[in-house]
2 protein chains.
Amino acid sequence: METGKALETSQRILDAAELLFVEHGFAGTSMRQITSAAGVNIAAVNYYFGSKDGLFQAVFERRAEPFAQLSIRKIDELTTNKNDYSAIEVAQAFMTAAMEMGSNPEYGGLVFVKLLARSYVEPNPVLKEKLPQRYGELTRKYLAALSHALPHLSNAEINWRFHFMTSAMFNAFAGNNVMRLFMAQPLVNARDPQLVAEMLMPFIAAGLNSPAAQ
Amino acid sequence: METGKALETSQRILDAAELLFVEHGFAGTSMRQITSAAGVNIAAVNYYFGSKDGLFQAVFERRAEPFAQLSIRKIDELTTNKNDYSAIEVAQAFMTAAMEMGSNPEYGGLVFVKLLARSYVEPNPVLKEKLPQRYGELTRKYLAALSHALPHLSNAEINWRFHFMTSAMFNAFAGNNVMRLFMAQPLVNARDPQLVAEMLMPFIAAGLNSPAAQ
DNA sequence: GTCTATATTCCGATAGAC
DNA sequence: GTCTATCGGAATATAGAC
């Protein structure tokens with residue numbers, strides 16, 4: 001049984017770790033940084049989460065399930081018992097899930113999307129075992145919906161377009177901007193999910209509906 | 001003056017470090033891993049590159065200049081003394097540069113594109129000082145060309161579309177696939193730059209030419 | 001649950017022999 | 001240029017007092 005204070009402590013650790021993992025990556029973040037930022041004792045991480053790996057898993061899982069549920073609900077709402085939905089609506093479903101996640105402070109706002117975008121480039125071994133089952137279902141649903149909405153495209157090309165769509169979306173919401181790296185001024189501002197979605201939608205919609213390559 | 005053997009050693013270090021930095025990130029790679037993989041003594045890194053930071057900078061700079069030159073040449077070839085080029089041709093110029101880089105074993109093949117894609121999400125402090133000057137020029141040229149080819153779009157929207165385009169491109173060539181993270185089978189194969197470009201082109205072209213959002 | 005103290009390992013870096 | 005040996009510090013993790 002956990003007391004109020006205990007919950008507070010483990011939660012402070014999760015919050016601090018989440019921010020630091022996003023900013024500096026898993027290997028680039030030490031437990032001393034985390035416990036110091038959380039204002040808790042260095043031994044608390046091992047007490048609550050067993051290890052640094054355990055902490056990362058907890059950080060991820062706290063957000064993963066709400067996000068998966070949200071995404072799956074959106075695609076189910078669109079496709080269940082329907083036959084006439086468009087690729088744009090499929091993209092919109094995913095984007096709405098990301099936006100609602102990113103706009104909700106209870107889910108950490110955009111932090112989890114940034115963590116996803118990072119994990120995407122820098123896969124953490126912890127995720128390789130825990131993640132696929134739940135998110136595999138999510139991915140298969142969106143791929144099937146896209147395939148249904150774009151029957152003229154081969155399965156291979158559907159997969160590629162899903163890849164392009166998610167790359168653009170995740171990096172856009174996470175603020176991973178090539179201009180941030182290449183220029184002194186980033187020139188775009190990713191802090192407003194509503195604006196990101198507005199800019200993103202025409203691009204994604206046209207890309208998904210473009211003629212087949214092969 | 002460096003002897004033949006010395007060059008061989010520093011090059012082996014660069015090759016090994018490049019692969020490991022791409023795979024595990026800067027913080028996630030130790031100098032012991034690098035020197036062990038390169039088959040050289042642990043002290044060799046400091047002898048040749050001064051420090052781990054110095055090594056990363058050397059790893060990056062070995063590829064950065066060829067890639068910048070290639071990209072700038074492609075956009076100059078398209079736009080110099082011309083008025084009637086399309087957004088698709090601008091995208092093609094960038095993609096051709098990435099493809100030629102990725103297909104050339106002398107430039108490490110796709111390794112540098114992967115390093116760029118990673119640096120993009122996980123900015124290395126070393127780059128913040130060294131990179132912008134050269135790549136700022138590159139970015140400004142492509143933005144100007146896009147703006148010229150898409151005069152109906154505001155500067156803000158041009159910047160966003162360049163962001164989306166480069167996100168999709170870099171992740172595609174680097175093989176950073178959401179399906180790699182979410183599913184047991186990645187479903188797409190990024191090893192052939194020619195195929196990636198073929199799949200990517202219709203998507204990017206349609207996205208760039210899509211109507212304005214605002 | 002929280003803390004101090006510490007065990008153990010690994011890190012980047014360097015001195016100095018050859 | 002290459003090697004061994006080692007320094008000083010920071011890393012994760014844990015034992016045990018409170």
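Values below: all heavy atoms of this structure, side chains included; hydrogens, waters and symmetry mates excluded. Every chain is numbered from 1 and lettered A, B, ... according to where its sequence line falls, protein lines coming before strand lines. Keep in mind that this is a model prediction, so the values were computed, not measured.
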Rounded to whole Å, please give me the gap between [atom1] in [X] and [atom2] in [N].
| X | N | atom1 | atom2 | value |
| --- | --- | --- | --- | --- |
| Ile13(A) | dA13(D) | CD1 | P | 13 Å |
| Asn41(B) | dT2(D) | CG | P | 9 Å |
| Phe49(A) | dT14(D) | CZ | P | 15 Å |
| Gln11(A) | dG1(C) | CD | C1' | 17 Å |
| Phe56(B) | dG12(C) | CZ | P | 14 Å |

Phosphate OP1/OP2 of dA10(D): any Ser30(A) side-chain N/O under 4.0 Å |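 For dA10(D), neither OP1 nor OP2 has a side-chain N or O of Ser30(A) closer than 4.0 Å.
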Taking only N and O in the side chain of Thr9(B), is any of them less than 4.0 Å away from OP1 or OP2 of dG1(D)?
-> no
Could I get the full list of side-chain contact (heavy atoms from CB on, under 4.5 Å) partners for Ser154(A), not counting sequence neighbours?
->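 Partners of Ser154(A) under the side-chain contact (heavy atoms from CB on, under 4.5 Å) test: Ala156(A), Glu157(A), Gln214(A).
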Look at all strands and tell whether Thr29(B) reaches a base, only sugar-phosphate, or nothing, counting heavy atoms closer than 4.0 Å.
-> sugar-phosphate
Main-chain N/O of Leu115(B) paired with Ser119(B) side-chain donor or acceptor, under 3.5 Å =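 Checked: pair present.
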Is the backbone of Val188(B) close enough, under 3.5 Å, to the side chain of Arg180(B) for a donor and an acceptor to pair up by distance?
-> no
Are any protein N/O atoms closer than 3.5 Å to N/O atoms in nucleotides 13-18 of chain C? If there are, list each pair with its distance.
unit_1: dA13(C); atom_1: OP2; unit_2: Lys52(B); atom_2: N; d: 2.9

What distance do Tyr142(A) atom OH and Lys74(A) atom NZ have between them, rounded to the nearest 0.5 Å?
->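 So the OH of Tyr142(A) and the NZ of Lys74(A) are separated by 8.5 Å.
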Could you list the residues that satisfy side-chain hydrogen bond (donor to acceptor under 3.5 Å, both in side chains) with Tyr135(B), not counting sequence neighbours?
-> none
Are Ser167(B) and Tyr120(B) close enough that a side-chain donor and a side-chain acceptor fall under 3.5 Å?
-> yes
